[in-house]
Amino acid sequence: MQLTVLAIIIDGVPLLSIHPTQSAAWSQLISFIEERWSERMGSIAPPVDDETKARVFFEHSGDDLYAIIGADLSELREALGSVSDRVEG
């Protein structure tokens, strides 16, 4: 099973989200940027190109970053499928 993790660190706060595809994670990242653009960038108009927009947004502060990471969860799925004992809490 393949999933994509979007990791954002902004103002020292880590944010993680899981997406079914890389394009879904990218769309979430762009939405995140667009929601916060004016607060962070003031009157600077956002670039039209999404890649440039992301670069400019995260370069504004040297400590902020994002990463889109593919994750293969096949082994986890197999391990969970082989669990026969029910865990009660």
Side-chain angles (χ1 to χ4, degrees):
M1 173 173 29
Q2 295 285 328
L3 293 175
T4 302
V5 176
L6 170 59
I8 298 171
I9 298 176
I10 188 161
D11 298 329
V13 178
L15 305 166
L16 298 172
S17 56
I18 298 172
H19 304 272
T21 63
Q22 184 172 354
S23 63
W26 180 255
S27 293
Q28 179 65 36
L29 175 66
I30 296 305
S31 293
F32 176 89
I33 291 168
E34 289 174 347
E35 290 172 10
R36 292 160 180 79
W37 184 270
S38 61
E39 177 184 327
R40 182 178 182 91
M41 305 301 289
S43 62
I44 298 170
V48 175
D49 175 64
D50 286 343
E51 289 185 27
T52 304
K53 187 183 302 179
R55 183 179 47 77
V56 169
F57 185 85
F58 284 95
E59 283 180 352
H60 187 72
S61 172
D63 296 330
D64 298 336
L65 60 89
Y66 75 91
I68 296 176
I69 307 157
D72 181 357
L73 300 181
S74 300
E75 290 181 20
L76 176 61
R77 186 178 196 179
E78 290 171 13
L80 291 175
S82 67
V83 174
S84 60
D85 294 332
R86 182 175 169 171
V87 177
E88 296 186 29

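Excluded from the calculations below are hydrogen atoms, water molecules and symmetry mates; all remaining heavy atoms, backbone and side chain alike, are included. Just so it is clear, the structure is predicted and the values come from calculations on it, not from any experiment.
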Check for me, please, whether Ile10 and Ile44 land in the same ILVMFWY cluster - side-chain distances under 4.5 Å, paths through other members count. yes
Hydrophobic cluster identity match, Val5 and Val13, side-chain contacts under 4.5 Å: no
Interatomic spacing from [atom1] in [X] to [atom2] in [Y] - rounded to 0.5 Å:
| X | Y | atom1 | atom2 | result |
| --- | --- | --- | --- | --- |
| Met41 | Phe57 | CE | CZ | 8.0 Å |
| Gln28 | Ser23 | CD | OG | 12.5 Å |
| Ser17 | Phe32 | OG | CZ | 10.0 Å |
| Leu16 | Leu6 | CG | CG | 8.0 Å |
| Gln22 | Leu29 | CD | CG | 11.0 Å |
| Ile9 | Asp64 | CD1 | CG | 8.5 Å |

Please find the pair of heavy atoms, one from Pro20 and one from Leu3, that lie closest to each other, and give the distance. CA-CD2, 4.4 Å
I'd like to know if the side chain of Trp37 reaches the main chain of Lys53, judged simply by a donor and an acceptor atom lying under 3.5 Å from each other, with no hydrogens or angles considered. no
Measure up the Tyr66 and Phe58 rings against each other and bin them: parallel (under 30°), tilted (30 to 60°), perpendicular (over 60°). tilted
CD of Gln2: more than 12 outside heavy atoms within 6.0 angstrom? yes
Report, as yes or no, whether the 6.0 Å neighbourhood of atom CD1 on Ile18 holds more than 12 heavy atoms from other residues, nucleotides or ligands. no
Ion pair check, Asp50 and Arg55, cut-off under 4.0 Å: no
Should Pro47 and Val56 count as side-chain neighbours, where that means a heavy-atom distance under 4.5 Å? yes
